[in-house]
Amino acid sequence: MHDTQIFTDLNAATLCDGASAYGWIEGAAIVVQGSQIAWVGAAQDLPHTYHAWPRHSLQGRLVTPGLIDCHTHLVHGGNRAVEFEMRLNGASYEDIARAGGGIVSTVSATRAASHSDLLQDALPRVDAFIREGITTVEIKSGYGLDVDTELRMLRVARDIALQRPIRVKTSFLGAHAIPADYAGQAEAYLDDVCLPALRAAHAEGLVDAVDGFCEGIAFSPAQIARVFDEAQRLGLPVKLHAEQLSNLGGARLAAERRAMSADHLEYLDEGGVRAMAQAGTVAVILPGAFYTLREEHAPPIALLRQHGVPMALATDLNPGSSPMNSLLLAMNMGCTLFRMTPEEALRGVTCHAARALGLRDCGQIAAGMRADLAVWDVTHPAELCYRIGYNPLHTRLFGGLS
């Protein structure tokens with residue numbers, strides 16, 4: 001049973017819009033009733049209604065909204081550590097592909113894994129996120145590339161939310177790659193596998209959003225438009241991997257379809273930025289893949305900032321291009337690699353990440369929001385981005401429960 005909890009002796013980075021950076025409240029108090037925040041403000045302004053309730057001193061700690069990782073490929077079979085070693089020993093992409101590596105190896109391992117295998121493999125990764133104060137995570141399909149495995153991945157993602165105290169939002173990513181058995185037949189793959197899998201997943205209640213990979217090595221804008229047409233018919237919101245390796249106009253397509261987010265965006269141009277700004281599409285910045293692939297073309301952070309496009313930040317946790325299981329590290333990378341400010345990074349894993357997932361009940365500390373909170377052993381929010389390899393989480397509240 002949830003009790004009324006009053007937390008005092010804390011500083012709050014509410015991430016609400018306002019005059020102060022971080023939505024900062026010095027000497028704050030937070031009232032949690034049930035699973036929601038009932039009140040937040042300066043402690044001296046605590047309403048008389050709550051004066052008789054016992055208080056929990058947080059001894060000057062920082063409180064932020066629970067963190068949100070809005071782009072992951074967390075459910076998958078196997079890993080590609082051997083390929084990582086091969087690359088460092090001089091093997092080319094072609095060498096690795098001929099040896100059965102790359103996404104083909106992950107597809108094979110994922111298809112071979114049972115529901116239980118995938119779940120048990122994923123849970124330690126989820127636990128690592130929980131230990132960093134994450135309260136919501138997005139999980140994509142896309143490593144099955146056949147109907148049965150795409151559905152299995154999404155069922156596992158749903159089960160994670162039953163096994164652990166974390167909120168899971170799912171994205172159907174059947175348009176992730178063209179499997180070997182459909183090489184050179186992208187349209188046939190969409191007709192035979194991707195669109196039927198999407199319909200089946202939606203009928204089973206497994207899909208919160210529809211994603212795709214718009215790139216020369218994956219699907220063209222016209223092919224992604226077909227997937228988005230089906231999503232619209234089913235009443236599902238869309239998002240898109242866009243402009244990671246080249247500029248095919250994916251961000252413009254995403255904006256035209258009022259996508260919740262366009263993700264990666266290393267080759268995004270000003271026209272795409274303007275389109276996203278007009279549509280309210282969130283830019284999801286993914287420094288883990290940039291780092292792992294040793295890319296040199298950074299996303300246009302200054303342009304996004306100039307045009308007021310909200311920027312989220314995520315791990316892109318996956319077995320190939322971003323085997324990164326730390327959102328705190330993603331925040332540091334966003335600052336050091338892309339020159340995001342610490343406030344932009346923190347907003348990127350809270351309020352803007354919530355927006356990228358279409359969530360309106362989390363990502364800020366405000367009355368009426370879910371009581372998803374992270375309590376940190378730090379005094380200033382910039383410390384969350386500043387340290388490398390150090391986790392200062394003291395306590396995490398998920399729906400008011402620690």
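Numbers here are sequence positions counted from 1. As the structure is a prediction and not an experimental result, all values here were calculated from the model.
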Is any side-chain heavy atom of [X] closer than 4.5 Å to a side-chain heavy atom of [Y]?
X    : Y    : result
L74  : F129 : yes
I388 : M333 : no
I285 : I301 : yes

Test side chain to side chain donor-acceptor pair (under 3.5 Å) applied to T14 and Q364, step by step:
CA-CA 5 Å; T14 69; Q364 297 180 324; over 6 Å; no
Any idea how Y143 and H176 line up, ring-wise: parallel (<30°), tilted (30 to 60°), or perpendicular (>60°)?
perpendicular
F398 six-ring face occupied by R370 cation (under 6.0 Å, within 45°)
yes
Can you list everything that forms a side chain to side chain donor-acceptor pair (under 3.5 Å) with E138? Sequence neighbours excluded, please.
K140, S171
Flag if over 12 foreign heavy atoms under 6.0 Å of [atom1], [X]:
X    : atom1 : answer
Y182 : OH    : yes
Q232 : CD    : no
Y386 : OH    : no

So, are [X] and [Y] salt-bridged, with charged N and O less than 4.0 Å apart?
X    : Y    : answer
R257 : D229 : yes
D69  : K169 : no
E270 : R274 : yes

Does the side chain to side chain contact (heavy atoms under 4.5 Å, CB included) test come out yes or no for D127 and R164, once each step is laid out?
CA-CA 8 Å; D127 291 339; R164 294 293 189 269; 2.6 Å; yes
Minimum heavy-atom separation for V193 and P196, please, with both atom names.
O-CD, 3.4 Å
Carefully, step by step, assess L10 and I30 under the rule side chain to side chain contact (heavy atoms under 4.5 Å, CB included).
CA-CA 9 Å; L10 63 100; I30 300 172; 4.0 Å; yes
The complete set of ring pair (Phe, Tyr, Trp, His ring centres under 6.0 Å) pairs with one or both residues in residues 263-287, sequence neighbours excluded, reads H71-H264, H241-H264, Y267-H297
Hey, mind stepping through S402 and R396 against side chain to side chain donor-acceptor pair (under 3.5 Å) and telling me if it holds?
CA-CA 6 Å; S402 58; R396 189 196 74 135; over 6 Å; no
